[in-house]
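Every number for a ligand or one of its atoms is a count from 1 in the order of the listing.
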Amino acid sequence: TPPAAELKGRKFPHDFIWGIGTSAYQIEGGWNASGKGESIWDHLTHTYPEKIVDQTNGDISSDSYHQWQRDVQMVRDLNVHVYRFSISWTRIMPGGYMNKVNNEGIRYYSDLINELLHYNITPMVTIYHWDLPQRLQELGGWTNPEIIPVFKDYARLLFEMYGDRVKIWTTINEPWHICEFGYGVDYMAPSYNYPGIPNYLCAHNLLKTHAEVVHMYRDKYQQLQKGKIGITMDTSWMEPKTDSDDDREASERALQFYLGWFAHPIFSKRGNYPQIMFDRIHNLSKEQGFTRSRLPEFTADEIRRIRGTADFFGLNSYTTKRVTKNDHNNSKNFPVPSFSHDMGVVEDQDPNWTGSGSSWLKVVPKGMYNLIMWIVREYNNPPIIVTENGVSDNGGLADYGRVDYLNSYLSAILDAIEDGANVQGYTYWSLMDSYEWKVGYTEKFGLYHVDFNHPNRTRTPKVAAKVYAQICKTNTIDWTYRPTLDEFQIN
Ligand SMILES: O=S(=O)(O)CCCN1CCN(CCO[C@@H]2O[C@H](CO)[C@@H](O)[C@H](O)[C@H]2O)CC1
């Protein structure tokens with residue numbers, strides 16, 4: 001909690017954009033409703049339920065496929081300007097290809113967009129939030145360059161269908177998680193566990209895909225539709241464990257590997273992958289007996305084609321890690337080759353940091369300030385939208401831990417703004433409790449509670465929903481505002 005002087009009334013810029021976020025696989029359910037095709041998350045959770053902590057899946061989840069009007073009501077009650085949601089590729093094109101388009105799916109998102117606009121809420125669409133068509137994964141998914149033209153066809157259809165009404169687009173959510181957690185280790189679908197090679201192929205194709213979609217939007221749609229398009233990347237803040245040179249270098253190296261991998265090709269003056277990644281992976285690949293670097297190389301034309309392909313820097317960040325150099329005295333035996341071995345750091349968390357409902361998520365607001373100022377310096381103060389930030393617990397409506405997280409992380413973001421960072425908006429994660437990927441329904445991120453044991457998936461506002469609604473209405477942080485459950489009805 002800040003000093004008494006700052007308890008009330010810290011104001012955000014008058015034009016600051018407030019929002020709330022969700023993603024298709026996590027909230028919709030209707031996994032095979034009205035012609036929807038199988039995604040890699042449908043496939044993973046149906047084929048390997050043991051890979052999910054509570055052996056659940058998103059077949060129904062929060063049932064937003066049927067409850068979307070209630071969802072829009074909840075968004076309205078939060079007084080936000082923007083609703084960030086993603087479109088399910090297989091609800092639009094069941095097999096991923098353009099040869100079969102599902103009109104029921106087209107209509108679902110059109111109805112949602114119209115409902116949002118009816119209540120003056122701006123739709124912010126994520127084109128891809130991890131739910132790849134399973135049929136495309138059977139061709140190698142993101143490791144196969146075939147995905148570039150196929151994804152472009154999918155994005156073109158969305159621009160054609162919704163671009164008259166959708167004015168903020170994000171191509172892809174969290175490339176790092178898609179490529180390293182999906183194709184490097186087996187944390188997420190498609191759950192490869194093939195360290196150090198397919199993750200870099202995935203990233204190479206993903207960056208080219210992103211660039212082709214942005215060029216298409218800019219060449220064919222942006223003049224007429226007047227929207228913005230960007231990408232959302234993610235990292236924790238990487239705090240040096242001590243102020244030794246080794247630890248400070250480890251911190252910088254970790255940020256280049258986690259964030260620079262995707263941000264440097266798009267947002268840096270030079271473009272291309274970060275030099276430290278290029279050098280380390282090139283040298284290690286040679287030592288390991290590979291004839292070429294495991295990090296694919298862009299041609300000069302590709303570097304130019306990818307550089308500058310974003311109107312804003314979408315940032316997802318939740319927490320902080322401590323890092324030290326991975327050497328003989330604290331060496332961790334990472335698989336060789338692997339992303340972690342290439343990066344060469346050991347991560348941990350300070351046991352004194354406040355915890356949450358997730359083991360990886362500690363509450364360290366200063367880390368958000370440090371990360372934003374690092375991006376300001378590294379990429380020449382790009383327009384940033386914090387597209388995801390939030391905290392988990394294990395349930396309950398009296399979520400005062402979430403109230404404290406919200407106030408402290410927003411204070412850190414406001415500190416960064418007051419120190420010159422061009423942060424233009426914030427979409428809190430998440431609107432409601434939903435499917436939390438590998439941990440199923442065991443960790444809750446929602447401002448609204450969802451009753452997963454009831455067929456109606458009843459939504460109930462938590463205390464933090466009321467606090468966030470107040471922040472969005474007044475544009476102000478007020479630490480003294482801590483409503484009790486019985487004293488408020490949000491609607
Ligand atoms: O202990 S470990 O480090 O081995 C496992 C880490 C597990 N990760 C942590 C990061 N998390 C954030 C990315 O996930 C983002 O954040 C939200 C909350 O997770 C998700 O609901 C969103 O869909 C996603 O965009 C995804 C799961």
**OP:** Can you tell me which residue pairs pass the salt bridge (charged side-chain N to carboxylate O under 4.0 Å, His left out) test with a partner in residues 348-372, sequence neighbours excluded?
**Re:** K241-D348, R322-D348, R322-D350
**OP:** Kindly tell me which protein residues have any non-hydrogen atom under 4.0 angstrom away from an atom of ligand 1, grouped by chain and ordered by number?
**Re:** Q26, H129, W130, N173, E174, H177, F181, Y187, N316, Y318, W360, E388, W429, E436, W437, F445
Original post:
Okay, side chain of E212, backbone of K152: is any donor-acceptor separation there less than 3.5 Å?
Top reply: no
Original post:
Which of parallel (below 30°), tilted (30 to 60°) and perpendicular (above 60°) describes W437 and Y25?
Top reply: parallel
Please tabulate, for side-chain N and O atoms in residues 122-134, each donor-acceptor pair with protein atoms closer than 3.5 Å (sequence neighbours left out).
| from | atom 1 | to | atom 2 | distance (Å) |
| --- | --- | --- | --- | --- |
| Y128 | OH | W130 | O | 3.4 |
| Y128 | OH | L132 | N | 3.4 |
| Y128 | OH | W142 | NE1 | 3.2 |
| H129 | NE2 | N173 | ND2 | 3.0 |
| W130 | NE1 | N173 | O | 2.9 |
| Q134 | NE2 | E138 | OE2 | 3.3 |

Original post:
F181: what forms a ring pair (Phe, Tyr, Trp, His ring centres under 6.0 Å) with it, not counting sequence neighbours?
Top reply: W176, H177, Y187
Original post:
Does the pair D77/R459 count as a salt bridge with the N-to-O cut at 4.0 Å?
Top reply: no
